[in-house]
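First the structure, in the form of structure tokens, and then the observations on it.
Predicted model only: the values in this text are computed from it and were never measured.
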Amino acid sequence: LEKELSKLEGAKDEEEIKASNLGFIEGPSSNSSEHLPTARFGRTTLPDYYNWADKGVVRPVQNQGNCGSCYAFAAIGAIEAQACIVFGECGKLSEQEAMECTNLCVGGWDDWVYNYAYSKSGCTSSAYAYYQAKREECSNAAFRARASKTIVTGWYNLHGQGVDMIKQYLYSNGPM
């Protein structure tokens with residue numbers, strides 16, 4: 001781990017790296033009361049192996065750089081996966097706009113991105129590229145075109161569910 005941490009650009013020591021890349025923000029403890037769950041739980045026997053990446057639904061790992069934007073990458077990845085599974089629209093979406101228009105580089109929660117995508121009737125394509133330190137604070141978001149089939153209509157929080165329920169959800173609904 002120390003070897004990998006020292007590879008980070010501009011890092012002086014392990015404590016500086018931890019201080020700038022690790023952290024926790026208290027978040028929502030339950031489902032959004034404003035949105036109905038969209039989960040489909042088809043009780044079925046699960047295969048021994050199933051991987052959405054093998055199906056071309058999950059994108060390769062990305063680098064968020066020295067920015068607490070993991071929440072934006074996670075939520076955008078889930079929206080991309082759903083657009084791909086449900087509509088066959090497998091395009092790349094913009095983590096940058098999701099990050100700028102929610103909580104910037106200081107961490108956050110996927111619910112914030114889903115709420116944003118809901119309020120804007122979808123997500124922007126990756127044409128609005130990710131820049132680690134860019135903080136435009138949502139400038140011109142209203143004028144950006146929304147990618148087809150990315151309107152968020154609801155989501156479901158599996159907080160507190162057991163491993164079997166999570167496996168069933170992943171198999172029945174896709175990546176989360």
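Of all heavy-atom pairs between I85 and G174, the closest is CD1-CA, 3.7 Å. Here the closest heavy-atom approach between residue L170 and residue P175 is recorded as CD2-CA, 4.0 Å. Y49 approaches D54 most closely through the heavy-atom pair OH-OD2, 2.9 Å. Closest heavy-atom contact between A117 and C123: CB-SG, 3.8 Å. Residue E80 comes nearest to L93 through the heavy atom pair OE2-N, 2.8 Å, listed as atom of the first residue, atom of the second, then distance.
Contacts of T124 classified as side chain to side chain donor-acceptor pair (under 3.5 Å), with partners at least two apart in sequence or in another chain: E97, R146. For C90, the disulfide (SG to SG under 2.5 Å) criterion is met by C84, not counting sequence neighbours.
Checked options D111, T102, D110; the residue passing with Y71 is T102 (criterion: side chain to side chain donor-acceptor pair (under 3.5 Å)).
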Audit row: Q168, L46, side-chain contact (heavy atoms from CB on, under 4.5 Å) steps and yes/no: CA-CA 7 Å; Q168 188 66 231; L46 298 175; 3.9 Å; yes
Full working for side-chain contact (heavy atoms from CB on, under 4.5 Å) between M99 and Y130: CA-CA 9 Å; M99 183 260 313; Y130 182 74; 4.3 Å; yes
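Here the side chain of W112 pairs no donor or acceptor atom with the backbone of A98 at under 3.5 angstrom. Using a distance-only test at 3.5 Å, with no hydrogens or angles considered, no donor-acceptor pair links the side chain of Q82 to the main chain of M176. At distances below 3.5 Å, at least one donor-acceptor pair connects side-chain atoms of S119 with backbone N or O atoms of Y116.
Here W155 and Y114 bring their ring centres to under 6.0 angstrom of each other.
Side chains of Y128 and E95: a donor-acceptor N/O pair is absent below 3.5 angstrom, by distance only.
Within 6.0 Å of NZ on K167 lie no more than 12 heavy atoms contributed by other residues, nucleotides or ligands.
Grouping the Ile, Leu, Val, Met, Phe, Trp and Tyr side chains by contacts below 4.5 angstrom, directly or via other members, places I151 apart from F87.
To the nearest 0.5 Å, the span separating OG on S126 from CZ on R59 amounts to 7.5 Å. The distance from the OG atom of S125 to the CZ atom of R144 is 10.5 Å, given to the nearest 0.5 Å. Put simply, SG on C70 and CD on Q64 are 5.0 Å apart, with the number rounded to the nearest 0.5 Å.
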